[in-house]
2 protein chains.
Amino acid sequence: MNYIMNKLAPVCEVQIIDRVKVKKTKAKLPHSDETSQIAGIFKLLGDPTRLKIILALIENELCVCDLAAVINSTVSAVSHQLRLLKSEKLIKFRKDGKMAYYSIDDNHIKNLIDQLREHLNE
Amino acid sequence: MNYIMNKLAPVCEVQIIDRVKVKKTKAKLPHSDETSQIAGIFKLLGDPTRLKIILALIENELCVCDLAAVINSTVSAVSHQLRLLKSEKLIKFRKDGKMAYYSIDDNHIKNLIDQLREHLNE
DNA sequence: TGTATATTTGAACAATCATTCAAATGAATT
DNA sequence: AATTCATTTGAATGATTGTTCAAATATACA
């Protein structure tokens, strides 16, 4: 078997060295939908703007324009990212007149970030 | 002050509602370089291919082609992502003849992923 | 009702990025 | 020395994405 044969089935049929180890490892992985879910949360935290928004909201409930001021961004850019964070239930908001006050909806996120920060500060 | 004035300085001069709160919140944020560092790690974990690689390596030390087989990807795609994970010291590798065996270099990562998984499975 | 303002939204744009393919490298085997 | 094979690498491609700008909502206030 060589790479020319593999061209017919580009993904799932590469050379395998240790079939037993591959099978055992594969069996221990989370299912594909759980993996996507985990990656999805990490991805949200992986953008500096979104991370700053979350770090700010961990400290205080804030309206959109104050949030923009805190993280040195624009109202529009912040609003777009708030939508993503809201849709994944990481944050929530309440309306008060014209204002929208955003806050953390998911308390586990703070622990997650704290854990990583502790690690990086070792 | 209105939006037309802000066009001259598009970022740092938006309307601020509560200056005290903004200043206090700003003071509590991590410095910009620490924020980038945190986001950088989360970003690496935020891609399904890279996350699967890490999940697989948590279970077993694996060579590149077995890793590709485990996560149903190609050797080349995996190799490219391994480079990124290696450069951020999340994984390491040892050479054995033609083979390269990769493994986890950062034990905190497992805890981080476990913590998120526990949270999602509530 | 008309104006001001806080927020949201959609389209456009540029930048980033993951994957693919082909070629190169490096090490074992014959 | 030539061949095979595991891995790496670079360029190209297509897709995703964060930001910007302008316009639309929506609420308060005069």
Side-chain angles (χ1 to χ4, degrees), chain A residues 1-12 14-18 22 36 39-40 43-53 62-69 71-88 91 93-102, chain B residues 1-18 22 36 39-40 42-53 62-69 71-88 91 93-102:
Chain A
M1 194 193 275
N2 57 28
Y3 282 153
I4 293 169
M5 286 181 61
N6 288 333
K7 276 190 185 172
L8 300 171
V11 175
C12 306
V14 286
Q15 275 285 34
I16 291 181
I17 302 295
D18 186 338
V22 167
S36 312
K43 188 172 199 171
L44 284 175
L45 300 174
D47 172 72
T49 302
R50 284 192 296 264
L51 181 61
K52 283 179 209 161
I53 289 175
L62 287 162
C63 70
V64 181
C65 64
D66 282 0
L67 199 40
I71 70 170
N72 294 308
S73 183
T74 65
V75 166
S76 181
V78 168
S79 182
H80 278 297
Q81 301 302 343
L82 286 172
R83 186 172 45 80
L84 294 179
L85 295 171
K86 198 170 52 183
S87 77
E88 295 298 322
I91 62 175
F93 76 110
R94 65 181 176 87
K95 255 324 202 25
D96 181 12
K98 288 184 288 193
M99 319 288 293
Y101 287 96
Y102 283 84
Chain B
M1 193 193 276
N2 56 30
Y3 282 154
I4 293 169
M5 285 181 62
N6 287 333
K7 276 189 183 173
L8 300 172
V11 176
C12 306
E13 297 190 24
V14 286
Q15 275 284 35
I16 291 181
I17 302 295
D18 186 338
V22 166
S36 312
F42 281 135
K43 187 172 200 171
L44 284 175
L45 300 174
D47 172 72
T49 302
R50 283 191 298 263
L51 182 60
K52 283 180 209 162
I53 288 174
L62 286 163
C63 69
V64 181
C65 65
D66 282 0
L67 199 40
I71 70 170
N72 293 309
S73 182
T74 65
V75 167
S76 181
V78 168
S79 182
H80 278 297
Q81 301 303 343
L82 287 172
R83 187 172 45 82
L84 294 179
L85 295 171
K86 198 171 52 183
S87 77
E88 295 298 321
I91 62 175
F93 76 110
R94 65 180 176 89
K95 254 331 204 17
D96 182 13
K98 288 183 288 192
M99 320 288 293
Y101 287 96
Y102 282 84

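Below, all heavy atoms of this structure are taken into account, side chains as well, without hydrogens, waters or symmetry copies. Residue numbering restarts at 1 for every chain, and letters A, B, ... go by the order of the sequence lines.
- With rounding to whole Å, Ile91(A) atom CD1 is found 13 Å from dT7(C) atom P.
- With sequence neighbours left out, the ring pair (Phe, Tyr, Trp, His ring centres under 6.0 Å) criterion links Tyr101(B) to no other residue.
- Here the P atom of nucleotide dT20(C) and the CG atom of Asn72(B) are 12 Å apart, to the nearest Å.
- Counting to the nearest Å, the P atom of dT8(C) and the CG atom of Leu67(A) are 10 Å from each other.
- Summarising the geometry, the separation between NZ on Lys98(B) and C1' on dT30(C) is reported as 12 Å, rounded to the nearest angstrom.
- Contact annotation for Tyr102(A): backbone-only contact, meaning every heavy-atom pair under 4.0 Å involves sugar-phosphate atoms and none involves a base.
- Nearest approach of Pro48(A) to Ala39(B), heavy atoms of both residues: N-CB, 4.1 Å.
- If you check dT7(C), dC21(C), dC5(D) against the side chain of Ser76(B), the one that comes closest is dC21(C).
- The shortest heavy-atom contact between Lys43(B) and Arg50(B) is O-NH2, 3.2 Å.
- Distance Ile17(B) CD1 to dA4(C) P: 17 Å, rounded to the nearest Å.
- Taking all atoms of both residues into account, the shortest heavy-atom contact from Val22(A) to Ala69(B) is CG1-CB, 4.1 Å.
- Leu51(B) and Leu45(B) get closest at one heavy-atom pair: CB-O, 3.8 Å.
- With rounding to whole Å, Lys95(B) atom NZ is found 14 Å from dT25(C) atom P.
- Leu62(B) has its CG atom 15 Å from the P atom of dA6(D), to the nearest Å.
- Here Gln15(A) does not reach the OP1 or OP2 of dC5(D): none of its side-chain N or O atoms lies under 4.0 Å away.
- If you take OH of Tyr101(A) and P of dT8(C), they are 13 Å apart, rounded to a whole angstrom.
- Across all their heavy atoms, Ile91(A) and Lys86(A) have their closest contact at CG1-N, 3.6 Å.
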request  = Give the B/S/- string for nucleotides 13-19 of chain D, one per nucleotide from 5' to 3', where a protein heavy atom under 4.0 Å of the base yields B, of only the sugar-phosphate yields S, and otherwise -.
outcome  = ----SSS
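- Remark: Ile17(B) pairs with Cys63(A), Cys65(A), Asp66(A), Met99(A) by the side chain to side chain contact (heavy atoms under 4.5 Å, CB included) rule, at least two apart or across chains.
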